[in-house]
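This report concerns only the one structure given below.
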Number of protein chains: 2
Amino acid sequence: MGRAPTGRPTSFDIAYLAGVSQPTVSRALRGDKSVSEATRERIQRIARDINYTVDKNASSLRSQRTHTIALLFFEDGTDENLINPFFLAMLGSITRACANHGLDLLISFQRMEDDWHMRYQDAKRADGLILLGYGDYALYSARIEQLVEQGTHFARWGSIRSDRSGATVGSDNLGAGRTAGEHLLACGRRNIAFLGHADEHYPEFAHRYDGLCDALRDAGIAPDPALQFDALTHEDAGYRAASALIASGTPFDAIFAASDLIAIGAMRALAGAGRTIPGDVAVVGFDNIPAASLTTPPLTTIQQDLAGAGECLVETVLAQIEGRDPPERHLPTRLIVRGSSAPA
Amino acid sequence: MGRAPTGRPTSFDIAYLAGVSQPTVSRALRGDKSVSEATRERIQRIARDINYTVDKNASSLRSQRTHTIALLFFEDGTDENLINPFFLAMLGSITRACANHGLDLLISFQRMEDDWHMRYQDAKRADGLILLGYGDYALYSARIEQLVEQGTHFARWGSIRSDRSGATVGSDNLGAGRTAGEHLLACGRRNIAFLGHADEHYPEFAHRYDGLCDALRDAGIAPDPALQFDALTHEDAGYRAASALIASGTPFDAIFAASDLIAIGAMRALAGAGRTIPGDVAVVGFDNIPAASLTTPPLTTIQQDLAGAGECLVETVLAQIEGRDPPERHLPTRLIVRGSSAPA
DNA sequence: CGGCTTCCGGCAACCGGTTGCAAAAATGTT
DNA sequence: AACATTTTTGCAACCGGTTGCCGGAAGCCG
């Protein structure tokens, strides 16, 4: 039955050693129930003995399943070398989730211009995609539509309410914004500024702002558009936005920043302008990046459920692949109170 | 010549449309010079028109080249969810280097116990491996030997002088340690403590310590073993090591921490003990993680050439794969002076 | 004990490119 | 114009598992 083992072991070698046909080896190693317990164990033992590993390429080629998903990051392209720390934390979570599901993880950073929408699924590199990116959704929404059209399995991290096409997994930004607002109100603040884009191009930020506004209205305060300043998620953007806020002369006693990096930049601007934290201005950030606990004072912030996020993204993609029902894609957040916002 | 296009496009479809044989298509798309310019262009145009992508599995299966490398992280397993920020920065650099070389990058976090030494190369998932891990090298040196024996292409990040088997890429830790020492000496410090393991199980840290000792000796100071305290690279470890140092009663006016995380933990301990920085104690860290500039005072540290590191690791693996000469595997470092160490 | 279902395992086709070798075409030589 | 050379292209085998289908063996039943 075939030739004797030679070179790197293949399933044929095992078949030879076990005295069975090669397809039987394939079935046995995958735990196919149409192989008797006895032969399966025999085959598995031999496989272990000769250090056999299934060739992933051959397997994927025939079965059209790679058991791999691709994680595509993309940023606005401004910062070449720095990676947003929040993404990195997310990466850890996704990696672990993949490992738990026995999936390999392919990683790539993308520039907007690339033809990433076909590089992975089409080349059969991956069974599904996870898309991760802050920045202006409008810039790549066209590609996302394309993914949907061609039936690509994917999930993206974003704001749950912008779930028009494709499966979006995200934190409850609206609720988080409300929580932040209520916290600051409870601290006795009334004039709460928001640093971060609030238009539809940046739905995550916008929903955080919406939540803040909801909280304000509930407290009988009309949100003041003069207290909202655009900022992308960079420290410098936070610095500039806070400087603009200060320069505007509009009185304020609190800042809700759309991200910790923005908050950190804002704190720098406040310190430069002689405003004390939290005395003159309470500050709340978003993300709870590692650096948030190291600022002076430590930054109050909102923590997203990162462990849950990775698992949820992976599970969402898997569900599409296997035709199961997708999980709840709505993740809770938690307020972490630190020194930058004084308790009432 | 064959059947008409149907379903997802294959090279056969293109062959049909171009009126050539399928192997010619394969050759043309890879730029094989044995295809005439005219036909190649015709084929490439058709491929673009019908959105064709080479099936990576089929290609890899036959050619035995995946154009993929696997990046294996491993940590001591203590911290489940936090990833060392230094690694994350490295990841960014490696990702970019892979992209530049047209390689895919497979990522995995490993626990020591796993059979990672065969999961990738053997399964033909990747052409080569990059190993990244702080921690006790003794724990996995056996597996590394195994990799060498079976001819696996790999490079690991580590200390250049421990390059006994396999290609090790790393910073010039010895030189960096000397630089740190000389800087502290120039600041007028004489009793410089080192926080970090200094034994052969942690060669990177040990070489940093050795460099410090060299600098001390050059200045006519005998290194005092009582000023060296073990610490792995976690904030808590730094806190504990610094606490032990303070409790030991040995006088000291400077700390050189083997990593920024250790330094940050140490600064916390110093603050808790009422020692001022840099007044009583100057502190120098290592890595220049983002948080380093946010501490109070900002942390003087040593920056490794991360961009170069990723490129060098990738290039080293590629060189092995393609039988070229490996690049220089010795990377320079740079001292970043901040507030935690007072100028002389 | 013949007939029927169930369980196991084999046969052969197949996934979609890549590659060694040889034939055909184009170009050069004398 | 006949022959040597060099380019282009095709043929067929191959990479190493996976899968649909079928047949033999074993188990079940009246």
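All heavy atoms count here, side chains included; hydrogens, waters and symmetry mates do not.
Using a 4.0 Å cut-off between charged side-chain N and carboxylate O, B:Glu311 and B:Arg96 make no salt bridge. Comment: B:Asp55 does not engage B:Arg8 in a salt bridge, judged by the lack of any side-chain N to carboxylate O separation of less than 4.0 angstrom. Between B:Asp32 and B:Arg40 there is no salt bridge, since no side-chain nitrogen of the basic residue lies less than 4.0 Å from a carboxylate oxygen of the acidic one. For A:Glu315 and A:Arg329, the salt-bridge test fails: no basic side-chain N is under 4.0 Å from an acidic carboxylate O.
For B:Asp55 and B:Arg30, each mapped to the nucleotide of DNA chain C holding its nearest heavy atom, the one lying further toward the 5' end belongs to B:Asp55. When each of B:Asn57 and A:Thr24 is assigned the nucleotide of DNA chain C bearing its nearest heavy atom, the one mapping closer to the 5' terminus is A:Thr24. Where B:Ser63 and B:Pro23 meet DNA chain D, the nucleotide closest to each residue was compared, and B:Pro23 sits on the side nearer the 5' end.
Distance from the side chain of A:Ser11 is smallest to D:dG17 among C:dT19, D:dG17, C:dG10. The side chain of B:Gln22 has C:dG17 as its nearest neighbour among C:dG9, D:dT19, C:dG17. Side chain of B:Ser34, nearest nucleotide from C:dA13, D:dT9, D:dG10: D:dT9.
Atom C1' of nucleotide C:dG17 and atom CD1 of B:Ile14 are separated by 12 Å, given to the nearest angstrom. When rounded to the nearest whole Å, the span between CG of A:Asp32 and P of D:dT19 equals 9 Å. Rounding to whole angstrom units, CZ of residue B:Arg65 and P of D:dG16 are separated by 17 Å. One interatomic measurement links the two molecules: CZ of A:Phe12 to P of C:dG10, which rounds to 12 Å at whole-angstrom precision. The CZ-C1' distance, from A:Arg42 to C:dC8, rounds to 12 Å in whole Å. Atom OH in A:Tyr16 sits roughly 18 Å away from atom P in D:dG17 (whole-Å rounding). When the C1' atom of D:dT9 is taken as reference, atom CD of B:Glu37 falls 16 Å away, rounded to whole Å. Atom pair B:Arg62:CZ and C:dC15:C1' shows a separation of 15 Å (rounding to whole Å applied).
In this structure, A:Ser60 does not reach the C:dC15 phosphate: none of its side-chain N or O atoms is under 4.0 Å from OP1 or OP2. Of the side-chain N and O atoms in B:Gln64, none sit less than 4.0 angstrom from OP1 or OP2 of D:dC14. Contact annotation: B:Ser36 side-chain N/O to D:dT7 OP1/OP2 distance is not under 4.0 Å. Considering only side-chain N and O atoms, B:Ser26 lies under 4.0 angstrom from the phosphate OP1 or OP2 of C:dT18. Close to C:dG17, at under 4.0 Å from its OP1 or OP2, lies a side-chain N or O of B:Tyr52. The shortest distance between the side-chain N/O atoms of B:Ser59 and the OP1/OP2 oxygens of C:dT18 is below 4.0 Å.
Residue-to-nucleotide contacts include a donor-acceptor pair under 3.5 Å from the side chain of A:Arg27 to the base of C:dG10.
Residues A:Asp104 and A:Thr66 form no side-chain contact, since every pair of their non-hydrogen atoms from C-beta on lies 4.5 Å or further apart.
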